[in-house]
Amino acid sequence: MSELAAILERDGRALSQRVLDEMYRDAFWSERFGDRGRRHANEDSDFHLRYLARALSAGDATILVRYATWLREVLATRGMCTRHLDENFRLLARELSATSWPGRDKAVALLEEARAGLRHEASDARWVEDHAVALAKAIVSHVRAGHPAGWKQHDARGADAGLADDAANYVSYVADAVALGGAATLADHARWLAAHLQGHGVRTQQVHAFLEGCVRALEESRAPERVVEIARQAAPVSRAPA
Amino acid sequence: MHTHIPAPEGLDRLCARYVEAQLAGDRREALRIVLDEGLARGVAVQELQARVIQAAQREIGRLWQVNRISIAQEHMATAISHVVMSRLFDEARSDPRLGKKIVVACVEGEHHEFPARIVADFLDLGGFEVRYLGANVPTDDLMRLLRDEDADLLALSVTMSFNVPSLRQAITRVRIEHPRLPILVGGHALEWEPDLARDFRVDTCDADARCLVDTARFLLDRRAA
């Protein structure tokens with residue numbers, strides 16, 4: 001076992017808990033998954049570290065990449081998106097970098113390989129990921145065009161960042177739904193998000209603009225028809241002006 | 001009596017119906033499918049173990065992965081497969097006994113027992129005397145048992161990659177105390193780390209009945225040479 005693998009086994013939990021605490025500042029996590037979700041998140045964080053430790057000992061990122069892509073499917077069918085898992089790995093890498101642990105650079109490199117491995121391979125899902133930044137920006141523009149006022153109330157990320165983040169996550173849910181071959185997981189998220197946004201003071205018309213903005217962004221960017229169809233199925237919104 | 005041996009696609013259908021019975025929690029139907037529609041119609045026990053039960057367990061795992069079934073349903077399904085495996089084992093005719101003893105165990109920390117159990121049954125039906133230790137065997141206890149049993153071969157199963165350090169520890173200790181004892185390793189962890197067996201200088205093979213029995217025989221012949 002590498003020296004860092006032993007350290008991770010002994011001290012890694014405190015580090016991974018700091019990461020989760022940071023993620024849980026976004027109300028999304030506690031509101032969507034509750035206490036049970038946090039327990040699962042704790043367990044998953046332990047597994048991340050155990051697989052990271054194994055990859056370190058073996059000197060091979062493949063193990064961590066395979067774990068990440070396997071876990072992505074577990075999580076995507078339970079209400080999370082690839083961007084969430086990627087964010088978890090990114091924050092773990094950042095926290096590891098901030099330690100003085102020997103071999104931390106290697107661990108960070110392995111986590112970066114795992115993040116790269118989370119890119120979808122299937123062409124339509126990959127298309128969504130390749131255009132994710134532009135799509136998220138377009139969603140934000142569509143919402144702002146009709147509703148220049150603020151976004152969520154009580155959002156630790158700040159209103160503007162909150163909207164951009166919600167849009168980027170939504171695009172990731174689209175990519176995952178396309179990869180899974182159906183609209184079900186995206187529809188679940190769209191339903192939940194609509195209720196969540198309304199609970200945070202976002203007006204119904206804005207919620208509507210957000211969901212419609214996603215479909216419009218895909219149409220305007222000439223996304224593959226299958227992608228647009230999944231987005232339409234997941235959030236059937238009328239085109240009547242708000 | 002006229003018998004009809006199902007074609008491979010027939011076994012796939014049998015497997016699909018077996019999965020349905022598992023998810024319905026219907027042990028009797030699962031047994032009936034395997035015994036009456038499989039064994040009684042001339043399908044070999046090893047085929048039923050591999051193409052129906054083992055394949056069904058893989059499907060159950062996939063269904064859990066994509067959130068189509070709960071952990072409770074997964075456990076219920078697996079418990080049914082243990083019952084069916086026992087009945088199949090009772091009904092099976094084993095090959096002539098070879099007078100060779102194999103210890104089969106999951107390494108310390110490894111709770112996924114089913115793959116090791118299938119291996120134990122394959123080897124037993126192949127004529128070996130099997131000591132099957134089940135899941136999560138502490139390395140200390142494994143060593144104690146090996147001292148008492150005078151085994152001819154040790155087969156270790158590891159499913160989760162993070163249990164590979166336990167595998168390494170077991171192999172290292174066995175090498176010190178029993179340097180001539182052949183070690184066969186298998187399990188899902190080797191699919192994610194295909195070079196593991198080579199790195200640990202142990203043998204592996206597909207979890208297929210014929211391959212397992214042939215490999216075990218080969219290792220014992222090599223040891224005797």
Side-chain angles (χ1 to χ4, degrees), chain A residues 1-6 8-10 12-13 33 36-37 39-40 43-81 110 114 117 176-177 179-182 184-189, chain B residues 23 57-75 77-78 106-112 115 136 139 156-173 175 185-202 204:
Chain A
M1 186 186 283
S2 78
E3 191 178 355
L4 181 54
L8 285 174
E9 200 170 284
R10 195 183 62 228
R13 180 165 252 232
F33 302 109
R36 184 167 179 265
R39 283 199 300 277
H40 282 297
E43 288 169 11
D44 285 346
S45 284
D46 289 345
F47 281 121
H48 298 348
L49 294 177
R50 295 175 85 177
Y51 277 94
L52 175 60
R54 178 63 207 140
L56 273 167
S57 296
D60 184 1
T62 316
I63 300 154
L64 194 62
V65 172
R66 286 184 170 161
Y67 163 70
T69 52
W70 174 85
L71 181 64
R72 181 243 299 279
E73 198 157 286
V74 172
L75 299 180
T77 51
R78 287 164 173 82
M80 279 159 269
C81 65
L110 288 170
D176 290 345
L180 289 167
T185 53
L186 183 63
D188 282 347
H189 179 64
Chain B
L23 295 180
Q57 287 303 122
R58 273 196 290 272
E59 174 64 4
I60 292 293
R62 196 193 65 79
L63 290 172
W64 174 82
Q65 187 187 359
V66 297
N67 200 24
R68 300 265 302 278
I69 64 171
S70 67
I71 293 268
Q73 287 173 298
E74 186 196 9
H75 287 187
T78 303
C106 296
V107 298
E108 185 165 342
E110 184 54 71
H111 293 274
H112 294 83
N136 185 25
T139 306
L156 293 171
S157 176
V158 56
T159 298
M160 308 299 275
S161 297
F162 52 74
N163 288 321
V164 167
S166 293
L167 175 69
R168 178 192 286 277
Q169 187 195 39
I171 290 170
T172 303
R173 291 184 58 182
R175 285 258 163 75
V185 301
H188 181 263
L190 278 81
E191 289 177 27
W192 282 13
E193 290 186 67
D195 294 336
L196 205 57
R198 192 195 64 199
D199 293 346
F200 288 179
R201 292 181 295 108
V202 290
T204 187

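Convention: sequence-line order gives letters A, B, ...; per-chain numbering from 1.
Note that CD1 of A/I63 is 8.0 Å distant from CG of B/L196, once rounded to the nearest 0.5 Å. Note that CG of B/N67 is 10.5 Å distant from OG1 of A/T185, once rounded to the nearest 0.5 Å.
At distances below 3.5 Å, not a single donor-acceptor pair connects side-chain atoms of A/R54 with backbone N or O atoms of B/N163.
Heavy-atom minimum distance, A/R78 versus B/Q65: NH1-O, 2.9 Å.
Put simply, the side chain of A/Y67 does not reach to within 4.5 Å of the side chain of B/F162, judged on heavy atoms.
Looking at B/E191, only its backbone comes within 4.5 Å of chain A, counting heavy atoms on both sides.
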